[in-house]
There are 2 protein chains.
Amino acid sequence: MSKLDKRDEVVKAALELIAEHGFHGAPMAMIANRAGVGAGTIYRYFENKEVLIAELYRDLEERLFPVILEKYDQEKPIREKFMHLGTALLRYFIENPLDFRYLEQFHNSPFGVEHRRDKILGEKEGCDIFRDLFEDGISQQVLKELPLVILFALAFGPILAVARDHILGFVTLDEGLIIATIEACWDGIRR
Amino acid sequence: MSKLDKRDEVVKAALELIAEHGFHGAPMAMIANRAGVGAGTIYRYFENKEVLIAELYRDLEERLFPVILEKYDQEKPIREKFMHLGTALLRYFIENPLDFRYLEQFHNSPFGVEHRRDKILGEKEGCDIFRDLFEDGISQQVLKELPLVILFALAFGPILAVARDHILGFVTLDEGLIIATIEACWDGIRR
DNA sequence: ACATACGGAATGAACGTTCATTCCTTTTAT
DNA sequence: ATAAAAGGAATGAACGTTCATTCCGTATGT
């Protein structure tokens with residue numbers, strides 16, 4: 001197995017185990033075992049567990065963003081752009097349950113809260129597609145005049161909840177339900 | 001300190017520490033310490049940590065339900081009933097951040113998932129006020145014709161997200177914003 | 001009224017386990 | 001032959017839980 005293969009196996013094993021059992025349910029020894037690698041070997045690629053966890057999250061974002069931005073057309077009306085992003089996001093979660101579960105574990109951990117704090121307070125980034133969309137929507141009077149954070153909650157709260165319910169088997173989402181759900185989210189934020 | 005006082009101190013300390021640091025960030029020794037009690041004393045009142053955690057959750061529900069059902073009028077129209085429950089719930093979370101944070105920790109733990117699985121699969125309980133309301137709303141064609149689980153997600157997803165953001169200091173909710181948020185949730189579920 | 005005996009509540013040091021990390025030996029590649 | 005990579009046993013810190021002991025309020029006997 002080559003050097004990069006090993007790193008990859010560690011990443012894959014860690015993602016699977018942490019997604020399924022949480023950070024505390026995925027000991028390094030177990031990750032090493034599933035990766036087919038010695039425990040010490042992990043530390044040749046990641047300084048420690050915390051670094052591994054953060055790296056996993058970065059990888060995840062880098063996989064997610066291109067997918068939901070595929071065929072995203074800045075020129076379309078706001079409603080259409082929201083529908084595109086919302087359905088793409090929900091579809092991604094359903095098709096990649098490991099990624100979704102990892103995302104949840106991360107968000108509900110101290111790392112995740114810190115990460116979000118940085119993101120919300122450092123408002124200068126022009127790279128946040130959702131912020132741009134919502135700010136546009138407010139100034140064009142298409143969206144409710146509410147603080148951005150609340151619009152985010154109205155849009156993403158249900159998406160995350162529905163994705164979780166689907167993955168846990170509490171509901172089965174088909175394409176029709178996905179669209180209906182995102183339309184309902186739109187009803188929540190639109191003026 | 002009397003017998004009941006000690007039990008109470010343990011419950012209070014455990015709620016605080018777990019709400020703030022999560023289950024794994026609140027060792028029994030730390031709980032005992034904050035409660036002003038010996039480590040072994042906890043085990044006179046709770047068989048083990050798991051039982052303590054479950055008991056804390058039951059206590060929480062028993063505090064929460066009476067509050068949101070206060071002045072709840074079954075005869076009012078569905079929209080009004082939803083607004084009452086939604087605003088009461090959000091207000092409770094804001095006024096009792098420890099309870100909210102504990103609820104989140106619980107829900108994001110294996111206990112919470114199991115608890116929810118039991119609740120969703122055992123559909124027979126007539127005591128679930130929200131289920132009744134939503135079923136009424138669907139049959140009266142006031143609400144969107146979506147699976148109950150999705151309506152729950154649309155209604156509670158944003159409420160939980162907004163409460164979290166308020167408690168973490170990402171937004172400051174006043175009475176006006178509370179009402180506006182719940183109205184937006186209503187827009188999401190109403191037909 | 002006082003001293004003594006009793007029993008359950010409380011204690012916290014100690015135990016066994018689990019975990020992240022390190023360290024040293026062995027393997028592999030050049 | 002040498003250096004880098006990999007392996008996994010060893011390490012020590014942290015945890016939940018246990019248990020022999022202490023403490024204290026009450027009952028008993030004088």
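In what follows, chains carry the letters A, B, and so on, assigned in the order in which the sequence lines appear, proteins first and then strands, with residues in each chain numbered from 1. Predicted, not measured: the structure shown is a model, and the values here were computed from it. Values reported hereafter were calculated over all heavy atoms of this structure, with side chains retained and with hydrogens, waters and symmetry mates removed.
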Is there a side-chain contact between A/Leu60 and A/Arg63 (heavy atoms, below 4.5 Å)?
->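 In short, these two side chains touch, coming nearer than 4.5 Å.
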Can you tell me if CD on A/Glu114 sees more than 12 non-hydrogen neighbours from other groups inside 6.0 Å?
->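 Check passes, neighbour count above 12.
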CD (A/Gln140) with more than 12 external heavy atoms under 6.0 Å |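 Buried by this count: over 12 neighbours within 6.0 Å.
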d([atom1], [X]; [atom2], [N]) in whole Å:
X       : N      : atom1 : atom2 : value
A/Ile53 : C/dA20 : CD1   : C1'   : 11 Å
B/Asn33 : C/dT11 : CG    : C1'   : 13 Å
B/Tyr43 : D/dA20 : OH    : C1'   : 18 Å
B/Arg44 : D/dC23 : CZ    : C1'   : 13 Å
B/Met28 : C/dT17 : CE    : C1'   : 16 Å
A/Glu50 : C/dT21 : CD    : C1'   : 14 Å
B/Tyr45 : C/dA9  : OH    : P     : 8 Å
A/Phe23 : D/dA14 : CZ    : C1'   : 20 Å

Quick one: list whatever passes side chain to side chain donor-acceptor pair (under 3.5 Å) with A/Glu104, sequence neighbours left out.
->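 So A/Glu104 forms a side chain to side chain donor-acceptor pair (under 3.5 Å) with A/Arg164.
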Output the single nucleotide from C/dC19, D/dG16, C/dA10 whose closest atom is nearest the side chain of B/Lys6.
->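 Shortest atom-to-atom distance from the side chain points to C/dA10.
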Choosing from D/dG7, C/dT21, D/dG16, which nucleotide comes nearest the side chain of A/Lys49?
->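 Out of D/dG7, C/dT21, D/dG16, the nucleotide with an atom closest to A/Lys49's side chain is C/dT21.
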Which residue lies toward the 5' end of DNA chain C, A/His24 or A/Glu47, if each is placed at its nearest nucleotide?
->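 It is A/His24 whose nearest nucleotide is closer to the 5' end.
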For B/Gly38 and for A/Asn48, locate the closest nucleotide of DNA chain C by heavy-atom distance; then report the residue assigned to the nucleotide nearer the 5' terminus.
->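 Per heavy-atom nearest nucleotide, the more 5' residue is B/Gly38.
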